[in-house]
Amino acid sequence: MQTQYWQYDVMKAIGVSPGKPGVKLIEKSEPARAEGEIKLEPLLVGICGTDREIISGYYGEAPPGEEFLTIGHESLCKVVEGQSNELKEGDLVVPTVRRSCGVCWSCLHGQSDMCFTGNFKERGIKGMDGYNTERVVELPEYIARVPDGLGDVAVLTEPMTIGEKAVYQCLELQKRVEWGWDCKEGLECKKALVLGTGPVGLLASLILRLKGFKVVAADRHDDSTRKASILNAAGIAHLNTSNTSIDEFAGSEGKFDIIIEATGDAVVGLDAIPSLSPNGIIALTGIPGGSQVYQMPAVQIMRSIVLNNLITVGIVNANISYFKMALQHMLEIESKFPGLLERLISSKFAVEEYSAAFSARGADVVKVVIDWRR
């Protein structure tokens, strides 16, 4: 019996005409698989703020010679054709986002997320089609196999990689000092603040929890939300900044060793810097919109950075190593907090419901996905 993937000549895709507001269901030719490539069937594709900004026409770049860009860079796929040393047909996998410029040292050594030239491409964002479609082809070096036992929650891998990279680089940078664990075994002895409780913020909070940090996650909502419930289930404190500011909290409860910003709000991110402990570090992962206007209290922030030996580091994109790291940490989270990751997927929409999916908003909306199996 012939397998289903041979039936596709023309396939559906969710696409945009870059620079023009709007999104629609389009038809594209199924890609041919070249030697060494793997053909994938996207199963679930997550929606994030980047997708919404592309749909609004703020940015995005179609593949060369194409009118439309297929959007979607967070995906869970299945291998339907081809194999490698690590991959075989039927495997669940997560492909990465950024592709090498082919020139700079970082890209030539597997770190396209640290590209020097800026001439990289990104699936569903810049110069390459994304995963909101029925078939894609990819090179195996950009594909991470999903371990047994994760299933649908692996669609959260890409947003989790941002937290993985942020936490990893913070800990690597903090090797500049003797930043040992000065408390008894089993006790939390370092404090972390995560700004924002979207998918990146929630997943970063869980990573820090696995690392043994005492974690506080902050947003502008009360404790009745789905997000606060997820945090509490993992032993993470929730701070409603509508009632208590970060500065006030740090003044009464103590400052933080690490801050992970996951809001994209310049005011929130930079105003938190004085709440770092001496020798602390803040990782900025959000990209402020062009409409934000912020009269920065430059004197206070610069004094705080200099007098306390602080580090501010920007985090964008992630290479394959962080994808593999995220998948392993997901297994740990599933083991320690069964069913918790599934709660981050707040709704699944069929392909034909794409308009409603991209419009989903609210305090209880965490991760919305397009389900290509429906």
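In what follows, every heavy atom counts, from backbone to side chain, and hydrogens, waters and symmetry copies are set aside. Numbering starts at 1 and runs along the sequence shown.
The neighbour count for R220 CZ, taken as heavy atoms of other residues, nucleotides or ligands under 6.0 Å away, does not exceed 12. K121 NZ: 12 or fewer foreign heavy atoms inside a 6.0 Å radius. Environment of CD in E141: crowded, with over 12 heavy atoms of neighbouring residues, nucleotides or ligands closer than 6.0 Å. The local environment of CD in E27 is sparse, with at most 12 non-hydrogen atoms from other residues, nucleotides or ligands closer than 6.0 Å. Applying the 6.0 Å contact sphere to NZ of K28 captures more than 12 heavy atoms from other residues, nucleotides or ligands. More than 12 non-hydrogen atoms from other residues, nucleotides or ligands lie less than 6.0 angstrom from CZ of R373. Around atom OH of Y142, more than 12 heavy atoms belonging to other residues, nucleotides or ligands sit under 6.0 Å away. The environment of Y58 atom OH is sparse: at most 12 non-hydrogen atoms of other residues, nucleotides or ligands sit within 6.0 angstrom.
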Please test E352 against K12 for salt bridge (Lys or Arg N to Asp or Glu O under 4.0 Å), starting from the C-alpha separation and ending with a verdict.
-> CA-CA 10 Å; E352 289 74 15; K12 297 176 183 177; 3.0 Å; yes
What do the steps show when you test F358 against I14 for side-chain contact (heavy atoms from CB on, under 4.5 Å), and what is the final call?
-> CA-CA 11 Å; F358 287 109; I14 300 174; 4.0 Å; yes
Would you please test I54 and Y59 for side-chain contact (heavy atoms from CB on, under 4.5 Å) and show each step?
-> CA-CA 5 Å; I54 292 172; Y59 55 87; 3.7 Å; yes
List the steps, then state whether side-chain contact (heavy atoms from CB on, under 4.5 Å) holds for L340 with L206.
-> CA-CA 10 Å; L340 191 63; L206 291 170; 3.8 Å; yes
From CA spacing to verdict: side-chain contact (heavy atoms from CB on, under 4.5 Å), I333, R209 | CA-CA 10 Å; I333 293 168; R209 191 79 180 105; over 6 Å; no
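Rounding to the nearest 0.5 Å places CD1 of I260 at 9.0 Å from CG of L284. Rounding to the nearest 0.5 Å gives a distance of 9.5 Å between OH of Y354 and CD1 of I55. Interatomic distance, K78 NZ to W372 CH2, rounded to the nearest 0.5 Å: 15.0 Å. Note: D265 CG to I287 CD1 = 14.0 Å, rounded to the nearest 0.5 Å. Taking CZ of R98 as the reference point, atom CG of N319 lies at 10.0 Å (rounded to 0.5 Å). Here the OG1 atom belonging to T157 is positioned 9.5 Å from the CD atom belonging to E164, to the nearest 0.5 angstrom.
Taking 4.5 Å as the limit, some side-chain heavy atom of V368 sits within range of a side-chain heavy atom of S346. Between I370 and V351 the shortest side-chain heavy-atom distance falls below 4.5 Å. Looking only at side-chain heavy atoms (C-beta outward), E158 and H73 come within less than 4.5 Å of each other. In this structure, L231 and L202 have side chains that are in contact, with non-hydrogen atoms separated by less than 4.5 Å. Contact of the H329 side chain with the K211 side chain is registered, since non-hydrogen atoms from C-beta on lie closer than 4.5 Å. In this structure, L40 and V79 have side chains that are in contact, with non-hydrogen atoms separated by less than 4.5 Å. Inter-residue side-chain proximity for T96 and D113 is flagged as unmet; no heavy-atom pair is nearer than 4.5 Å. The closest side-chain heavy-atom distance from L92 to L43 is below 4.5 Å.
Closest approach of T133 to M11, counting heavy atoms only: OG1-CE, 3.3 Å. Among all heavy-atom pairs drawn from G19 and P21, the shortest one is O-CD, 4.0 Å. Across A356 and F349, no two heavy atoms sit closer than the pair CB-CE2, 3.8 Å. Here the closest heavy-atom approach between residue A62 and residue F68 is recorded as CB-O, 3.7 Å. Taking every heavy atom of both residues into account, V365 and A360 meet most closely at CG1-O, 4.4 Å. Nearest heavy-atom pair, D152 versus K348, reported as atom, atom and distance to 0.1 Å: OD2-NZ, 2.7 Å.
There is no side-chain donor-acceptor pair under 3.5 Å between S75 and R123. Looking only at atom types and distance, the side chain of S245 has no donor-acceptor partner in the side chain of D247 under 3.5 Å away.
Taking the charged nitrogens against the carboxylate oxygens, K191 and E253 have no contact shorter than 4.0 Å, which rules out a salt bridge. D219 and K227 are not joined by a salt bridge, as no carboxylate oxygen comes within less than 4.0 angstrom of a charged side-chain nitrogen. The residues E138 and R99 are annotated as salt-bridged, a charged nitrogen and a carboxylate oxygen being separated by less than 4.0 angstrom.
In the hydrophobic clustering of this structure, Y131 does not group with M128; members are Ile, Leu, Val, Met, Phe, Trp, Tyr whose side-chain heavy atoms approach within less than 4.5 Å, directly or through other members. With hydrophobic clusters built from ILVMFWY side chains whose heavy atoms lie under 4.5 angstrom apart, I320 does not share a cluster with L108. Follow the hydrophobic side-chain contacts under 4.5 Å out from V103 and you never reach F120; the two are in separate clusters. Cluster annotation: I162 is connected to F213 through the hydrophobic network of ILVMFWY side chains, with a link wherever side-chain heavy atoms come within less than 4.5 Å. Cluster annotation: L331 and L208 are assigned to the same hydrophobic cluster (Ile/Leu/Val/Met/Phe/Trp/Tyr, side-chain heavy-atom contacts under 4.5 Å, transitive).
Side chain of S277 to backbone of G280: no donor-acceptor contact under 3.5 angstrom is found. A donor-acceptor pair is defined here as one N or O able to donate and one able to accept, closer than 3.5 Å; such a pair exists between the side chain of D129 and the backbone of T70. Using modelled atom types, one side-chain atom of K367 and one backbone atom of I47 make a donor-acceptor pair closer than 3.5 Å. A donor-acceptor distance shorter than 3.5 angstrom exists from the side chain of S252 to the backbone of F249, with no hydrogens or angles considered. A distance-only check finds a donor-acceptor pair linking the side chain of S56 to the backbone of R52 [under 3.5 Å]. A distance-only check finds no donor-acceptor pair linking the side chain of E37 to the backbone of K39 [under 3.5 Å]. The backbone N or O of V316 lies less than 3.5 Å from a partner atom in the side chain of K165, making a donor-acceptor pair. Listed for the E353 side chain is a donor-acceptor partner under 3.5 Å among the backbone atoms of A350. Distance alone, capped at 3.5 Å, places no donor-acceptor pair between the R135 side chain and the E41 backbone. No donor-acceptor pair closer than 3.5 Å links the side chain of N119 to the backbone N or O of C101.
Across I273, I301, N279, I281, a single residue satisfies side-chain contact (heavy atoms from CB on, under 4.5 Å) together with L310, and that is I273.
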